Structures are given as structure tokens and as C-alpha cells.
Amino acid sequence: MFCKHILKTAVLGLLGTVGMASAVEAPAPYGPVPTEQQVKWLRMEWYAFVHFGLNTYTNKEWGYGDESPTMFNPGDFDAEAIVKTFKGAGMSGMIYTAKHHDGFCTWPTESTEHNITKAPWKNGKGDVVREFADACAKYDFAFGTYLSPWDRNCAEYGKPGYLDVYYKQIEELLTNYGPIFEIWFDGAMGGDGYYGGARQNRNIGKADTYYNYEQVVKNIRKLQPDCIIWGAAGRGDVTWAGSEKGFAKNYPLWNNQGNHWVSWEADTPINHRGWFWHPGQGSAVKSPEHLMQVYLCSVGRGANLILNLAPNRDGRLDPADVASLEAFGKMRRGLLAKDYALNAKVKTSEARGTEFGGSQLTDGDIESYWCPKDGTTSATAEIKLKKPATFDVVRLREQIRLGQRVEAFQVEAYVDGEWKTIVAPGKPGEKETGFDGVRGGKGHTIGHQVLRWLPEPVTTDRLRLTITRAKACPCISEFSLLRMPAAEAAVVVTSEGGDKVLDSRGWSYGGFAGDVAHLAFDGKTDTMWYHGKTPSHLRVDMKKEHTISGFTYLPRQDGKTQGMTSRYRFEVSLDGKNWKPVAEGEFGNLRANPVEQHVTFPAQKARYIRFFSTAAVDGSGSSVAELKILAPRS
């Protein structure tokens, strides 16, 4: 292990000072360094998120806080089956949403009456947190928990009294359920809610001040010193990678946050429909190929990945989600199954000593590392494979216990008698965002690890790694060559039919900004209906009577949030004069996760419909990228 390695070099260095032996000391750490807990956490790579609560039964992403606990009654919940599915796919742990924004606690808490003891499930004796924690312990699977700081149910929220409630919930979760590898606090900072019947909009100001995260962190360190803290207004160990689509938003990625090492975590649901389970979502699952892109743009950029799978109302994972997860898990195992550079011979331009020589790059030991002398910030290692190999993924790791150092690197392959660049060095100021660079990306930072998927497979037995820029002498622990396997189809048989989308050809439109209302029905995600005020509405004449059962709303997809509908009302009419409201509610979390929203209601006969945007995410304005009208399948 690394600690033993440092001890050994330190002892040999001391012996050398008295003439008994000679050895080269390891380099001094550069900048912030991770804690032992952060190192272990980074090596987990990916794990599950599980959203399961009252929203599962209301078809919402964000509950308002007035939902009745009597709705929570899963008929076939099996925590062990869920944990075994995750572990079988290669995941390393799971984080469960013990309390979401609606304030419903899925464990028998003493902090609030709005908890699982008021649910009919197991006659009020159930405890979802306990069942997941026990299943994880049984299968040697890491268990973590999510606790929403925002509580739209609690009458004390926004007042000083809420801190007693919130701190009590943290204490219960970190005291009664065994080791917690990570506790997750998202950034939701208040807004409108039930709040014990007040039905107000409560703004808490700065989250760090209101929640007193300095004290929260102290409480957690006292209860569970090894627990990784996500968020906590920047006081934790891990921060958000910037997108709920699963990629680290910006590469190059640096863990140096002032004087502290702060790791990154990317998150995304496996299903396009959202974080909680929704009816009809079977056709919206992300493919194994898409999940591999997510993996390469999160773990492959030096972050960790938390992938959400949501149980349905029976308490079981959706079969389509499971099929895609298992297919991706097999694909990932295939990618990592063989390192073609393992035990290759390495010649370096410089090394600080034999214990830090080029052979450490390919020895399969993540703790050993190649390092040149102090002051050297550019160096080269030539790798000679045992025999020619065909690969298309290059993986590099730094010895992060000594800090993050590398700013740019280059990889070349000797092909057809000449050196060809297969990973070009990144230039200062360049960035990859979104899924940019998923194939053919450049070499910038390394950190815990970086994976670069080449545009085409390369066959060679000679390669050259050059660290072109570094903040201090580079410490590279691993150089690997991998081969991306072909994805297998995620085959799943499901009886889920779902509603059909009505054909909008021939319809006419009106309402506010009626001249552009057709853009909400043109099948194009880069166009939209937009009106500069809120509230406003668009009106549709479907030309004949239909039986309709819902609609979908796609927010604007241009990266902007102004005019995204946060609250809506949907009305139907047979004659265009007498209107009946059939759905009203909230689209939650659009700012971070602007995906298609599905709303269903009891089947209604209608010729005319009106969609009202009654509140917007940012400022005034109303917009719809796409609106689809749903009808029952015959």
C-alpha cells in the first residue's frame, strides 16, 4: 500500500544520511490532497441512486408537501432483490432518498408526524431505510442516504425551529442504520409549499447561513467520521458536476478548491422520464450505449457517477430500466476486462529513482507511480507491449494522494513506421462540455483517472506518453490500454402499453402569441412557442372530438431557462366556449433536468384544449418546445 511505500522511502532516506544506504525520497504533496475517505470514495466509481416515496404514487417529481402518507403502500417491495440487481451490474453501493422535498420520511422518525408510521404499509410498522440498509449489509454493499434540506410539509420550515427537526433527522439516519458511506444534501433552497397548512412561499436566503452547514458538518463528523458529505453549501467532501444528464459539465476537471480537495459527482436517472417512477416510462429508458457515454463523460473525466433507478408503486424496479442497467454493466465489465499495457516495458526520459521508474506505470498497482525529479514538469515514457494489440480506449491515473498536478498530456502510437498522435494535448483555455469529446477528446487533466475513447481502434506494440504541462513533477500511477466492446441489446418483455400520441396534422392554434403556437407541435425540439408574459396560454382546435388522457410538456432545449413553465393548468372543451380544467400542478426541477414532463388524467372527451403557463422558472415569459396530446390505446 502507499502508506507503507512512503514509510519505506522515508526510512531508507534516513539511513542514507548516515551512510548506511541511499534512496530517493518521494515528492512532497502538491496543493490540496484528498482524505483517505475521498480516495476510497473515488475508487467506487459508480453506484445507484434510488428515488422512492410519495412522488412514486402522485406522478410528480417534486411533491408539494400536502400529500397523504396513506398513499404509500408498495405491495411487493423487496430491498434485497434491488440491491442484488445493483451489485450484479457492477455497482459499488446505493444512496436512498430517505426524505425528498415533500418532507415525507420513509423511516419511523421522531422529528415529524409526516412519516411512514402513518402509511398502511406493514400496518405502520415499515421502515424503508432499514430494509435497504440491512440488504446492503447482507450483500457487502455500501449504503448511503439522501436527506432533502427543503421540507415543504414542515410548519417550521424557514424559521429557526426547523433546524431542530433537520438536525434530528440527520442524527437518526447516521445513528440507527449502520455505516453510511455518503450523505446527500441537494441545493433546493425553499419556495412555495404546504408548510403545515400555511401554503406560502418561503425564501431562506443563503443556505449556508440558514441551515448552518458548518454545524451540520461537525455533527456528521462526530457521528460518522468516514461518511462522505455531498454538498452542504461547499463545506462537504463532494460537489455537483453540473448537470443531471450525467456528465461532468466541464473538462479539464480540477479537484483543487482553494485549500481543500473537493471531489466531483455526476448524477442522472437511467430513464428520461425523471428521478421517480412514472406510468408509461418503459419506452423512455436510456440505452446501454448512452449509459457508456455518460460513464466516459463522468468517471472518464475524473468524477464519480450516481445512476438513478426508481422502484414502481409495487416497490419493484422497472424491467426496462433493469435490462438496460444489466446490459451496460456487462459492457463496462468487458471494457475493463483486459489491460493490453499490463506488464509492458517502459523507458522514461527521466525518473527520480528505481522505485519511481517507468515500470510503475504498467504494474497493475494503483498505488505505485512513475515520477521524474522535482522541478520537471514535462516528461516522456515510451511503452513497449509484449505483442501488438488492438485497442481504442486509453486510461491514465495520477497518484492523487500527492495532489493533482497534470494540466495536459499527449499519447502517440507507432504505426506504419511513424509516430502518430492518438490523443492530442489540450491547450490552455480549451474545454469539453456536455458529451463533447466522448470520442476523440484531447488530453487535459488526469486526476483520479481519465478515459479517452479514440475515434478508431489502433493496432501497435509501441506507444509514447508525454506529460506536456504540469504544475509540479507529475506522479502517474497507471497507463492502460482497453478495448470497447460492442453493446448488446437491452431486451425486455413488458406488458406496459401506455397512451398513444395524437397526430397533430391539420390542427389550428390560437391564444397568446397564437401565430407561433404551431411551433409547439412541429416535432422539432429546437423551435418553440414563446410569449413574453406569464401567465399566458395557447389554444388548440383538434378539428374533431377525441378521447384524451394526458399530455407531455417539453421545456425549451436551447440551454436557457427563461419562460420554462414551472406551474401549469390544462383545460378541455367540446365547443370552444365552455371549458373544464382537468389538470393543474407543478413541473419541478426543470432548471437542472429539462426533460419531457408527462401528465395524465381520467379520460375526457374534447375537441379543444388550452395549456396555461401560470408561473415560470426564471422571470416572466411562457414557452413550450413540444406539447403532445395523449389518448388511451384502444
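In this text, all values refer to a predicted model and were calculated from it rather than measured experimentally.
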Whether the side chain of [X] engages the backbone of [Y] through a donor-acceptor N/O pair (distance < 3.5 Å, no angle test) should be reported.
X      : Y      : result
Glu131 : Val128 : no
Tyr553 : Thr565 : yes
Asn308 : Trp275 : yes

Please lay out, stage by stage, how Asp558 and Arg556 fare under the test salt bridge (Lys or Arg N to Asp or Glu O under 4.0 Å).
CA-CA 6 Å; Asp558 58 359; Arg556 62 190 303 172; 2.8 Å; yes
Tell me yes or no: between the side chains of [X] and [Y], is some donor less than 3.5 Å from an acceptor?
X      : Y      : result
Glu586 : Trp62  : no
Asp321 : Asn271 : yes
Thr112 : Asn115 : no
Asn589 : Glu244 : yes

Only counting residues at least two apart or in another chain, list the ones meeting side chain to side chain contact (heavy atoms under 4.5 Å, CB included) with [X].
X      : answer
Leu336 : Tyr295, Arg332, Arg395, Leu482
Thr552 : Glu596, His598, Lys628, Leu630
Asp134 : Arg130

Exceeds 12 heavy-atom contacts within 6.0 angstrom, atom CG of Asp140:
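No, not enclosed.
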Over 12 non-hydrogen atoms of neighbours within 6.0 angstrom of NZ in Lys330
no
Quick check on the 6.0 Å ring-centre criterion: do Tyr194 and Tyr64 meet it?
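Aromatic pair excluded; centres sit 6.0 Å or further apart.
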Check step by step if ring pair (Phe, Tyr, Trp, His ring centres under 6.0 Å) holds for Phe141 and Tyr139.
CA-CA 5 Å; Phe141 202 64; Tyr139 292 100; 8.8 Å; no
The residue among Trp240, Phe49, Tyr96 that forms ring-ring contact (aromatic ring centres under 6.0 Å, His included) with Trp184 is Phe49
Using a strict threshold of under 4.0 Å (side-chain N to carboxylate O), is an ion pair present between Arg273 and Asp318?
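The answer is no: the pair does not qualify as a salt bridge.
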Does Lys286 form a side-chain hydrogen bond (donor to acceptor under 3.5 Å, both in side chains) with Thr268? I'd like the steps, not just the answer.
CA-CA 10 Å; Lys286 297 172 184 176; Thr268 196; 2.7 Å; yes
Mind checking whether Phe587 and Tyr568 have parallel, tilted or perpendicular rings, split at 30° and 60°?
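Parallel: the ring planes of Phe587 and Tyr568 meet at under 30°.
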Please step through salt bridge (Lys or Arg N to Asp or Glu O under 4.0 Å) for the pair Lys87 and Glu80, ending with a clear verdict.
CA-CA 10 Å; Lys87 188 164 186 176; Glu80 288 194 18; over 6 Å; no
Please evaluate residues Arg483 and Asp392 with respect to the criterion salt bridge (Lys or Arg N to Asp or Glu O under 4.0 Å), reporting the C-alpha separation (whole Å), side-chain torsions for both, the decisive distance (0.1 Å), and the verdict.
CA-CA 5 Å; Arg483 184 70 189 267; Asp392 55 5; 3.8 Å; yes
